[in-house]
Each structure stands twice: as C-alpha cells, then as structure tokens.
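Below: one structure, written as structure tokens.
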Amino acid sequence: MTQPWEGAGFATRAIHVGQEPDPQTGAVIVPVYQTSTFAQSAVGEHRGWDYARSGNPTRDALEAALASLEGAAHGFAFASGLAGCDAVLRTLSPGDHVVLANDVYGGTYRQFARVHQPWGLQFTPVDLTDLDAVAAAWTPATRMLWVETPTNPLLTVLDIAALAGFAAERGARTVVDNTFATPYLQQPLALGADVVVHSTTKYLGGHSDVVGGAVITNDDALAERIAFLRNAIGGVPGPWDVWLTLRGVKTLAIRMRAHCDNARAVVAALQDCPTVREILYPGLASHPGADAATRQMRDFGGMVSFRMADEDAALKACARFRVFTLAESLGGVESLVEHPGRMTHLSVAGSPLEVPGDLVRLSVGIEDVDDLVADVRQAVS
Ligand SMILES: *Cc1c(COP(=O)(O)O)cnc(C)c1O
C-alpha cells in the first residue's frame, strides 16, 4: 500500500503507514473526515470516495495501518469486534459447519449460537488444544476453524500453525481472533491463518474510549466478499471512532511492552499469595500452553486470570481492588478487574462455555507497577 514503509519496524509502521501528511494542507495527523458524501466532478467521477458507508479517508488510514501491522494486504474496520465476526461468518452458507474453540469470548459464542445457527450455520465448540478432538468434530461440511488465542477469560493458548495446517489440509479457512495478543505480540497470518479478527475496542484502541473491530486478510477473494458484505450490511465505524483507534494504534508497541512487564510483576505477586489457588497466565512454565506461547508470541500479554477458593472469595477480592477499576472490557491503559462468571461471560452461563465462579480476570494497565502490585496484594489477601 504505502511503499516507503515496507521493511520498516513495527512501531514505525504503526505511526506512519496510511498516515502520510495531508497533501493539501500538510497536516501531520490524518484529519477526521466528518462527511457522509463526496463531491463528484462529473456523473460517476470522483476521487475514490463517493459515500461514507462505502469508504472514508480516515477509515482508509486505519485500515492501511492495521493491515501493515498484521502483514496483510487487506484490512477492514468495523463498528465493533462482533460486527467484524459477523461479516466473516456471513461469507459462509447455510449448512456449512464451523469448528470453534470451546472457550471463545462469550459474545462470539452467543453470535454463533443465537444468530448464525438459527439461520442455518452449524458449529461445534471443541478443545482446540487437542487435535484428535478437532479431527473427531470435523465433518464434510466444515469450512472454517475459529481460533482465539490466548482465550478470554481462561487464557488458553492454541497452536496457530498446527491448527491452520490441519484446516488447510482439509480445505477450510482458519480465522484467529487476535484481540488479546495484538499484532505486536503475535501475527497469525504469518503462521498460516487466513483471517485475523480484532476487537479494536481493546488493546488496539487502548484507551477505553471507543468501540470498534477489524477483519484482516491476504486472501483477495475473501477480501472482496468482506468489502461487499460490509457495504451491503452497513456495520461501519464513524470517522471519529476510527480516528481515535488510529491514535491508539500509534503507541501500541510501547503500551504492549508496558502491559507485559506489569503483568509479569502482578503474576509474581499473586504467586506469593496463599489465597490464590491457580494463576492462568501463558508466561508461567506450568501453563499447559507455555511452549506454544513461547513459539508464537513475542511476550505473554497483559491479561492475567486467577482462581480463588470459591465464588464468594472471588467476589470479595473483586470488591477490594482500589487502583484496578471493577469494569468489563480490557486492553486500556488503566487496570481493570472483573468477575467473568457474573460480568463479561454471563451470556454463556449454563452453556458448555460457562466459566468457573471462582475466577477473577485482570487487565493489567500501564500505571506504576508498584501501585499495581500493592493493590493486588491487599485485594487477594
Ligand atoms: C471484546 C471481544 C470481542 C468483541 O468485540 P466488541 O468490540 O466488544 O464487539 C471479540 N473477541 C474478543 C476476544 C474480545 O475480547
């Protein structure tokens, strides 16, 4: 897309790809093109933009940056992460079958179970750490393997290269929800995946001030279909939202380094607390996905989940945090704590994806690490 930045490093591309100074005014920052339509010089003659559902220059800038960071040819911004998932699933047809991770984000599961299944899509949630289980769930109608790694909220790590290879041999596409890792830590397309989806609401936006999503791919035919579907269905983000997201993306590399370092320190503090029964964090040698995480991730991310003695202890710990804010969502500069069973994952209660009640999830922010560690110690003690 923007040739001069090919071969440049990750942080450089995050700040520059798609973000050349405005040729007309010299503005260093891509303007917010707050317009619904674009003047045409003659009937059907325009400069590449005719109507803002179909295209907007601010949105184009974000898409170019995201595509570059994932090492892809095509990026599409959506109004939310779930709008992006919806577009990907609508490339399938009634009767098609999807194998998906059995602890995907609750909203993703709800969309499969209560939106797409009633329209004729079949799906099977499977433990994707077990290739025999994947093979057993596979049917002649399986067209897609839906991977999320690390998963929300159990931080299961799935081997992207092994899963994508398995699906490719059987003529199916692999989709990876890369929301938790971000392209700074993990680039699924380079590992053989066909499509990456993001909730840009989380680390890519990074400041808890905007909801958005993205779909990224190197597959030209699929990209054409996604572009068609987005325009035909209309789940597009507005220009302010994409501008805020792009502003967040510029600092992704430096933020992710801080998130990872702080999470490591929080995990070390949790390891000292006898009230904490189990820590779910892919950077621990005892984590079942530690090898895969070390192979496919640059570092282990800013998300940490842990289990207390029981649900009551988990709820009490959630209530005691002071620096961490009790709230849903994740990936912002501020630290958040939540109880997945009663908050983000309430929609999967009673389903095969129900999460344990003793679980607490932390999104470790980039405040001073000593303040975070002290807060965690007092909350769980
Ligand atoms: C939040 C989230 C989503 C959904 O994204 P929205 O922007 O809330 O629609 C999808 N996948 C994962 C892993 C998430 O954390």
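Reckoned from all heavy atoms, side chains included, excluding hydrogens, waters and symmetry mates. Counting starts at 1 for both ligands and their atoms, in listed order. Quantities reported herein were computed from a predicted structural model and do not represent experimental measurements.
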Legend entry - Arg264 side chain to Gly302 backbone, donor-acceptor under 3.5 Å: no
Legend entry - Atoms in ligand 1 flagged as close to Asn152, the criterion being non-hydrogen separation under 4.0 Å: 15 (O)
Inset, instruction - Check ligand 1 against Gly212 and write out every atom of the ligand that is under 4.0 Å from a heavy-atom position of the residue. - result: 7 (O)
Inset, instruction - Go through ligand 1 atom by atom and flag the ones less than 4.0 Å from a non-hydrogen atom of Thr201. - result: 7 (O)
Inset, instruction - Output yes when a side-chain donor or acceptor of Glu367 lies under 3.5 Å from a complementary backbone atom of Ser335, and no otherwise. - result: yes
Legend entry - N or O pair under 3.5 Å between Phe180 and ligand 1: no
Legend entry - Under 3.5 Å: donor-acceptor pair, side chain of Glu354, backbone of Gly350: yes
Inset, instruction - Would you mind checking which non-hydrogen protein atom is closest to atom 1 (C) of ligand 1, with the distance to 0.1 Å? - result: Lys202 NZ, 1.4 Å
Legend entry - Donor-acceptor pair, side chain of Thr37 and main chain of Asp50, under 3.5 angstrom: yes
Inset, instruction - Sequence neighbours left out, what pairs pass side chain to side chain donor-acceptor pair (under 3.5 Å) with at least one residue falling in residues 286-296? - result: Asp159-Arg295
Legend entry - atom 4 (C) of ligand 1: nearest protein contact (heavy atom, Å): Tyr105 CE2, 3.4 Å
Legend entry - Distance from atom 9 (O) of ligand 1 to nearest protein heavy atom, with residue and atom: Leu82 N, 2.9 Å
Legend entry - Those residues that, when tested against Asp241, pass side chain to side chain donor-acceptor pair (under 3.5 Å) (two or more places apart): none
Inset, instruction - Could you tell me which atoms of ligand 1, counted from 1 in the order shown, lie closer than 4.0 angstrom to a heavy atom of Asp177? - result: 10 (C), 11 (N), 12 (C), 13 (C)
